[in-house]
Amino acid sequence: MARSKQKVHSEVLIEVCCQNFEGVWFGVACNQEEIVSTSFGASEKKTLTSILASIPFDVPFQVSYEPSAFAESVLDSLKKIFVGRKPDNTFCFDYAPLPAYTQKVLKATAQIPIGYVTSYGSIAKAVGGGARAVGNIMASNRFAPIVPCHRVVKSDFTLGGYGGGLKTKVELLNREKKGFFDSMQVQVEGGFLTVFPTEYVLRNLGS
DNA sequence: TGCAAACCATAAC
DNA sequence: GTTATGGTTTGCA
């Protein structure tokens, strides 16, 4: 029986998991070895809703309460990032559904090291395009906080915005500060991105 | 400082 | 196609 020409979606069943860690809900959607989306928030419902929003209607998914080894390792990394530590693993993301420019911006954002921030305009300068467009992409970042959009601020080192709330953004940055003094350049697709010590932002908040 | 105008990719009609 | 929408930036008073 020839079935090979049929589109069999069941082969890409997406696994969705949520876990609570110290009062915060972390969620992941993944297919085998790729992250489809991640999220975190104060309630399970909100976290789950934001995860599900990034799964296309015609793709089946399954909410699992017993995460696969891969999902478990992603959740583990989410928690580590949340407390300001470096995750053990690097992951592949399912960038395919996203527009090319969005992919470029997210990949550049992913290059910002712990202890550093950059600005919307700096990313725009590195990969092309404009700061507002970068801001829009941050706002709809489906890989937070693994793609660290909390490390992107305004050019005057004030906070800008954050989907999870500015309070959360400050908390994350506070845990990530390393006491660096100098800015530096990191290589990204399309050029070099200037990053600045997290302290530049934090010392702005006091006054 | 504060305001206005320019900027720019997306998503939604 | 066209328009609306921002997690911005910059210049000018």
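Residue numbers begin at 1 in each chain, while the letters A, B, ... track the order of the sequences.
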Item to complete: Under 3.5 Å for both distances, Watson-Crick or G-U wobble, that's the pair rule; now give the dot-bracket for DNA chain C, with | marking pairs to another strand and [ ] for crossing ones.
Response: ||||||.||||||
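Ring orientation note: the planes of Phe26(A) and Phe40(A) are close to parallel, at an angle under 30° on the 30°/60° scale.
No contact: Ser140(A) has no heavy atom under 4.0 Å from any strand. Heavy atoms of Val152(A) sit under 4.0 angstrom from at least one base atom.
Screening Ser50(A), Cys18(A), Pro145(A) against Ser39(A) for a side-chain contact (heavy atoms from CB on, under 4.5 Å) leaves a single residue, Ser50(A). Tyr116(A) pairs with exactly one of Phe180(A), Phe181(A), Phe196(A) by the ring pair (Phe, Tyr, Trp, His ring centres under 6.0 Å) rule, that one being Phe180(A).
In this structure, the CG atom of Asp156(A) is 10 Å from the P atom of dT10(C), given to the nearest Å. Computed from coordinates, the Phe157(A) CZ to dT9(C) P distance equals 10 Å when rounded to whole Å. Atom P of nucleotide dC7(B) and atom NZ of Lys125(A) are separated by 16 Å, given to the nearest angstrom. For the pair Leu173(A) CG and dG7(C) P, the interatomic distance rounds to 17 Å; values are reported in whole Å. Spacing between atom CG of Asn141(A) and atom C1' of dG6(C) amounts to 16 Å, rounded to whole angstrom units.
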Discussion item. Protein within reach of the bases, or only the backbone? For nucleotides 8-13 of chain B, mark each nucleotide 5' to 3' as B, S or -, using heavy atoms under 4.0 Å.
Written reply: BBS---
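Although no hydrogens or angles enter the test, the distance criterion places a donor-acceptor pair under 3.5 Å between the side chain of Glu15(A) and the main chain of Ser68(A). Between the side chain of Arg151(A) and the backbone N or O of Thr109(A) there is no donor-acceptor pair closer than 3.5 Å. Listed for the Asn141(A) side chain is a donor-acceptor partner under 3.5 Å among the backbone atoms of Val147(A). Judged purely by atom type and a 3.5 angstrom limit, Gln103(A) uses its side chain to pair as donor or acceptor with the backbone of Tyr95(A). No donor-acceptor pair closer than 3.5 Å links the side chain of Thr38(A) to the backbone N or O of Val28(A).
One can find a donor-acceptor pair under 3.5 Å joining the base of dG7(C) and the side-chain atoms of Tyr120(A).
For Arg85(A), the CZ atom sits in a loose shell: 12 or fewer heavy atoms of surrounding residues, nucleotides or ligands are nearer than 6.0 Å.
Put simply, Ser155(A) has a side-chain N or O that comes within less than 4.0 Å of OP1 or OP2 on dT9(C).
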